[in-house]
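First comes the structure, then the notes that go with it.
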Amino acid sequence: MDFLWCFWFCFFLIHGFSSISFADQDGFLSLSCGGITSFIDSSNISWVPDSSYVSTGNTTTLNFIEGSSSSRVPLRFFSNSHKVRKCYRLPMQNMSALVLVRPQFFYKNYDGLQKPPAFRVSLGTATTTTVNLTILDPWVEEFIWPVTKDTLSFCLHSIPDGGVPIISRLEVRPLPQGAYKSGVSGFPIKSLRKRYRVNCGYSNGSIRYPFDSYDRIWDVDQNFSPSHLSTGFNTQLLFNLSGLPENPPLAVLQSARVLARKNDLTYNFPLDKLGDYYVVLIFAGILPVSSVFNVVVNGEVVSANFTVKSSEVSAIFFTQKGIRSLNITFQNISFYPQVSAIEIYELVDIPLESSSTTVSALQVIQQFTGLDLGWQDDPCSPTPWKHIECEGSVVRSLSLPDINLRAISPTFGDLLDLKTLDLHNTSLTGQIQNLGSLQELEKLNLSFNQLMSFGSDFSSLVSLQILDLQNNTLQGTVPDSLGKLKDLQLLNLENNKLQGTLPQSLNKESLELRTSGNLCLSFSHSTCNGLSDNRSIETPLVTIVSTKKHNGHNRRAIIIGTIGGVLCAILFIALLVFMYRRKKKGTEVTSTPKLDMRNWNAAKVLSYKEIKQATKNFKEVIGRGSFGSVYLGKLSDGKLVAVKVRFDRTQLGADSFINEVYLLSQVRHQNLVSLEGFCYESKQQILVYEYLPGGSLVDNLYGPNSKKVTLSWVRRLKIAVDAAKGLDYLHNGSNPRIIHRDVKCGNILLDSEMNAKVCDFGLSKQVPLADASHVTTVVKGTAGYLDPEYYSTQQLTEKSDVYSFGVVLLELICGREPLSHVGSPDTYNLVLWAKPYLQAGAFEIVDESLKGSYDLESMRKTASVASRSVERDAAQRPTMAQVLAVLKEAYNIQLSYLASIGGHANY
């Protein structure tokens with residue numbers, strides 16, 4: 001013992017005191033919360049007001065006396081409402097991969113209410129701690145956070161009866177690369193919350209910047225250890241830190257706690273809750289001899305015969321799971337157990353982020369509503385957004401009732417994980433659409449809108465259990481596709497304008513069917529005879545409920561049915577009189593479009609009888625889509641045709657039909673499908689196209705009868721060039737200009753020689769003025785292909801077609817669909833997944849069947865123009881003419897490449 005004291009006295013007398021190394025403040029962000037001016041503190045750290053980093057909250061200044069001095073501390077306080085987000089957005093662009101985030105919270109009765117608040121704190125998706133200023137005031141936290149994004153959200157969350165959240169300071173500091181990773185399983189998907197950071201053997205107060213260039217706070221250790229055998233003297237020993245990425249400051253390494261006698265050195269650290277903890281023990285050999293000892297944690301040896309060598313620095317890292325207190329013992333073996341510093345962190349789980357596809361779609365939907373729904377950062381963590389419910393990181397429910405949506409945007413089709421969608425009373429009109437990709441959807445509420453048509457998406461909603469369509473203006477008959485939904489338990493069609501025979505597939509014990517308030521719906525062909533052309537009766541004629549609901553109500557049902565029958569008879573007579581008076585006028589109305597259409601320079605007008613003969617009574621179906629079915633036909637001159645029969649009998653469907661006939665009667669181009677004829681008789685909307693035996697690009701890429709192996713890279717480029725030629729003609733060769741509005745693989749057809757033609761002009765829009773920059777219109781299109789700028793502004797431009805065609809190019813490159821459930825959530829959306837790879841020239845995502853068969857420069861050019869075509873900002877996209885020019889170059893390069901290796905130019 002006397003020898004050790006003598007050694008220390010002589011050692012420090014010779015070496016003196018260490019010097020301070022002042023470091024720069026690169027990456028430091030110090031926010032004075034509620035402050036109004038910038039200042040530099042006594043440690044030479046620059047502080048700025050927080051107003052540029054937070055958009056809510058009120059500010060005040062706290063005056064309090066501590067000891068013999070008074071202080072003025074600015075602070076920001078927030079509403080305790082759960083509906084208002086209380087978040088800072090901290091820039092991370094110039095930060096290292098790991099940062100220290102240190103908030104400080106003062107109350108000190110600033111409001112005179114003597115009610116210190118309690119609230120939760122979150123970083124990113126993680127709820128990191130609960131601050132309770134009734135226990136400790138002020139309250140300081142430190143978190144170590146792995147940087148993965150350009151911005152980090154730091155939020156305060158009100159809790160019931162917790163009072164008003166408050167904050168006074170918020171600091172961000174970059175940490176050394178690679179630090180705090182050793183010995184932590186699963187890091188960096190963990191955050192670290194500091195519980196203790198102890199400078200062992202030092203008693204003259206805390207050490208931080210500039211002694212620690214990363215501004216970590218190192219506290220004295222008197223509260224945790226039995227005695228001081230090494231005093232707070234500093235040495236000028238220099239240590240090699242190259243093997244220790246945490247880079248502890250020299251001021252910490254130059255002191256240690258050393259036990260001279262043959263006893264154990266023990267620290268006891270209380271922990272505030274049961275949890276998992278990460279521990280760092282740092283040793284610096286400040287003695288002239290090596291020390292050897294065991295390190296025992298909570299009774300278990302974590303390192304036996306551990307050796308601290310003179311003038312060297314070493315560390316031990318370990319985790320302890322499920323503990324409430326921590327006992328660290330340095331068990332004597334020989335030559336003085338010692339330790340220089342101890343760091344203890346609580347391991348905090350960082351929940352997975354929701355898929356980028358989902359986040360992007362929800363943000364666009366928010367823009368589409370025109371409202372600020374408070375949707376920022378992640379929709380599920382740390383707390384779900386309003387109107388949303390989650391399972392883990394997956395959005396399962398979206399409820400937007402009473403919001404003026406007007407239409408079901410294609411963006412809803414990107415929410416692939418939805419199980420519940422509630423859009424009742426949202427002013428929806430027209431056709432039910434853009435939901436076909438929601439194959440996990442179980443509950444769909446579209447009630448109390450003005451929807452007119454069922455659309456074709458229901459056949460894809462294979463998981464649907466509850467469908468509520470009551471109080472719309474649905475017309476026509478109920479589609480058979482609803483009866484094919486095997487899990488459907490409730491179908492509510494009440495108070496619409498439906499009529500006719502119900503599909504027998506809906507007549508089953510397991511289904512509750514509600515149909516009151518329609519024109520006439522029945523499972524019997526005879527029940528509604530004579531009313532099939534009636535479109536004005538709105539009184540319910542038939543009510544069907546589940547066959548499970550009989551028994552004691554039968555007598556009452558008979559009475560009600562009898563009364564209903566009498567009423568129906570009276571109404572029916574009145575209806576006949578009404579219809580007779582309108583018959584002549586109605587005939588004139590329906591004949592007018594036909595007369596106009598006959599004058600278009602047009603396609604041949606065909607009768608329904610001719611159509612039936614050409615298709616052999618609609619014998620062979622060659623395709624189906626949202627419009628209806630396509631049949632193979634042969635005209636009287638022997639020409640094969642594709643006959644498209646529209647099922648949508650609403651005015652919306654009629655408008656689309658007339659639009660397509662008109663446009664295709666005006667344009668002629670080798671890469672646009674030509675219209676051979678049409679039929680527009682009562683109840684019939686039929687288009688007759690030239691027949692293309694090669695099928696659609698969807699069929700050839702990844703359809704059920706995929707011939708994907710035959711689509712070489714040069715063949716794909718030829719298809720892309722052909723389609724681009726057709727679209728370029730629409731944009732630049734026709735007068736007026738035409739925007740297709742529904743460019744997708746399914747609307748690119750191939751002939752027998754694999755030449756491509758663009759089809760389906762039902763949604764197309766003309767640009768009537770030559771100098772017009774856009775057309776303002778209701779959003780239409782297909783989920784996965786739709787221009788995000790178009791569906792957020794409703795301003796349609798040629799660049800909207802460019803975006804959709806860019807998605808087609810990505811499909812050709814990657815060989816996968818725009819929306820897919822395959823892989824992780826971040827791969828669901830093709831654009832969000834593929835674009836970063838292709839921009840970086842990383843071609844590992846190219847379709848496996850193309851590997852080794854393409855010229856690198858040809859692929860690079862195509863990938864570049866595809867990536868630019870799907871920029872969110874339309875101004876950054878090329879024109880279709882520019883896209884075509886690049887594709888021609890890529891095509892020619894690939895042809896030259898094939899010739900150079902002896903390949904076939906005929907692809």
- [ ] For a side chain to side chain contact (heavy atoms under 4.5 Å, CB included) with V364, tell me which candidate from T369, V359, T411 qualifies.
- [x] T411
Task: Test item: N472 side-chain N/O and L446 main-chain N/O as donor-acceptor pair under 3.5 Å - done: yes
Open item on the list: Side chains of T862 and Y891, heavy atoms from C-beta outward: is any pair under 4.5 Å?
Closed with: no
Open item on the list: For L362 versus P379, what's the shortest heavy-atom pair and its separation?
Closed with: CD1-CB, 3.9 Å
Open item on the list: Taking the side chain as everything from C-beta on, heavy atoms only, tell me whether W713 gets closer than 4.5 Å to D855.
Closed with: no
Task: Residue E690 excluded, over 12 heavy atoms near CD under 6.0 Å - done: yes
- [ ] Could you tell me whether the side chain of N755 and the main chain of K757 form a donor-acceptor pair under 3.5 Å?
- [x] no
- [ ] Evaluate the criterion side chain to side chain donor-acceptor pair (under 3.5 Å) for residue pair S409 and N434; output intermediate values, then yes/no.
- [x] CA-CA 7 Å; S409 161; N434 299 320; over 6 Å; no
Task: Result of checking L441, L415, N445 against L421 for side chain to side chain contact (heavy atoms under 4.5 Å, CB included) - done: L441
- [ ] Mind checking the NZ-CG spacing from K644 to L687? Nearest 0.5 Å is all I need.
- [x] 5.5 Å
TODO: Identify the heavy atoms of L511 and L490 that sit nearest to each other, and give their distance.
DONE: CD1-N, 3.7 Å
Open item on the list: Is it true that N425 and D402 share a donor-acceptor pair across their side chains at a distance under 3.5 Å?
Closed with: yes
Open item on the list: Has T426 got a side-chain atom pairing as donor or acceptor with N404's backbone, closer than 3.5 angstrom?
Closed with: no
Open item on the list: Would you say that S399 contacts T420 through its side chain, given a criterion of any heavy-atom pair below 4.5 Å between the two side chains?
Closed with: no
Open item on the list: I want to check something: taking the side chain as every heavy atom from C-beta on, are L438 and L444 in contact at a cut-off of under 4.5 Å?
Closed with: no
TODO: Looking only at non-hydrogen atoms, find the nearest pair between L400 and I365 and report the distance.
DONE: CD1-CG2, 4.0 Å
TODO: Taking R860 for its side chain and G841 for its backbone only, find out whether a donor-acceptor pair lies under 3.5 Å.
DONE: no
- [ ] Might you work through the side-chain contact (heavy atoms from CB on, under 4.5 Å) test for H669 and K725, ending with a clear yes or no?
- [x] CA-CA 9 Å; H669 189 273; K725 286 179 180 178; 4.2 Å; yes
TODO: Enumerate the residue pairs fulfilling side-chain hydrogen bond (donor to acceptor under 3.5 Å, both in side chains) with a member in residues 459-468, sequence neighbours excluded, ordered by first and then second residue.
DONE: D468-Q470
Open item on the list: Is there a side-chain contact between L717 and Y854 in this structure, where contact means two heavy atoms from C-beta onward sitting under 4.5 Å apart?
Closed with: no
Task: Under 3.5 Å donor-acceptor, D801 side chain and I739 backbone - done: no
TODO: Please lay out, stage by stage, how K799 and E789 fare under the test salt bridge (charged side-chain N to carboxylate O under 4.0 Å, His left out).
DONE: CA-CA 10 Å; K799 294 293 185 71; E789 186 167 291; over 6 Å; no
Open item on the list: Is there a side-chain contact (heavy atoms from CB on, under 4.5 Å) between L451 and L474? Walk through the geometry before answering.
Closed with: CA-CA 6 Å; L451 293 165; L474 293 169; 4.2 Å; yes
Task: Side-chain (R89) to main-chain (C87) donor-acceptor, under 3.5 angstrom - done: no
Open item on the list: Please find the pair of heavy atoms, one from A126 and one from P351, that lie closest to each other, and give the distance.
Closed with: CA-CD, 3.7 Å
Open item on the list: Heavy-atom count check: over 12 atoms from other residues, nucleotides or ligands less than 6.0 Å from F843 CZ?
Closed with: yes
Task: side-chain contact (heavy atoms from CB on, under 4.5 Å) assessment of L887 paired with F805 - done: CA-CA 12 Å; L887 290 175; F805 188 69; 3.7 Å; yes
Open item on the list: Tell me the closest heavy-atom pair linking L423 and N449, and the distance in Å.
Closed with: O-ND2, 3.1 Å
TODO: Hey, could you give me the CG/CZ distance between L701 and R816, rounded to the nearest 0.5 Å?
DONE: 12.5 Å
- [ ] Please identify each residue that fulfils side-chain hydrogen bond (donor to acceptor under 3.5 Å, both in side chains) with E889, with sequence neighbours left out.
- [x] K861
Task: L830 CG to E817 CD distance, which is reported to the nearest 0.5 Å - done: 10.0 Å
- [ ] Please identify each residue that fulfils disulfide (SG to SG under 2.5 Å) with C745, with sequence neighbours left out.
- [x] none
Task: Rounded distance (nearest 0.5 Å) linking atom CD of Q475 with atom CZ of F454 - done: 11.0 Å
Open item on the list: Would you compute the distance between atom CG of N671 and atom SG of C759 and round it to the nearest 0.5 angstrom?
Closed with: 12.5 Å
- [ ] Using modelled atom types only, decide if a donor and an acceptor are shared between the side chain of Q366 and the backbone of L373 within a distance under 3.5 Å.
- [x] yes
Task: Taking every non-hydrogen atom, the tightest pair across G483 and S505 - done: CA-OG, 3.2 Å
Open item on the list: Any heavy-atom pair between the side chains of R741 and L796 that's under 4.5 Å?
Closed with: yes
Open item on the list: When you measure from the side chain of W385 to the backbone of Q376, do you find a donor-acceptor pair of N or O atoms at a distance under 3.5 Å?
Closed with: yes
Task: Short N-O contact, E871 and R868, less than 4.0 angstrom - done: no
Task: H387 and W375 aromatic ring geometry - parallel, tilted or perpendicular at 30°/60° bounds - done: perpendicular
Open item on the list: For the backbone of M880 and the side chain of D728, can you confirm whether one donor and one acceptor N or O come within less than 3.5 Å of each other?
Closed with: no
Open item on the list: Is the shortest side-chain heavy-atom distance between L152 and V147 below 4.5 Å?
Closed with: no
Open item on the list: Checking F458 against L467 for the side-chain contact (heavy atoms from CB on, under 4.5 Å) test, could you report, in this order, the C-alpha distance in whole Å, the side-chain angles of both residues, the deciding distance, and whether it holds?
Closed with: CA-CA 10 Å; F458 287 109; L467 175 58; 3.6 Å; yes
- [ ] Kindly indicate whether the side chain of R877, heavy atoms from C-beta on, has any atom under 4.5 Å from the side chain of V883.
- [x] no
- [ ] Calculate, to the nearest 0.5 Å, the distance between atoms OG and NZ belonging to S712 and K718 respectively.
- [x] 12.0 Å
- [ ] Taking D847 for its side chain and L850 for its backbone only, find out whether a donor-acceptor pair lies under 3.5 Å.
- [x] no
Task: Pair K744-D760, salt bridge (charged side-chain N to carboxylate O under 4.0 Å, His left out): steps then yes or no - done: CA-CA 10 Å; K744 58 183 177 181; D760 200 344; 5.9 Å; no
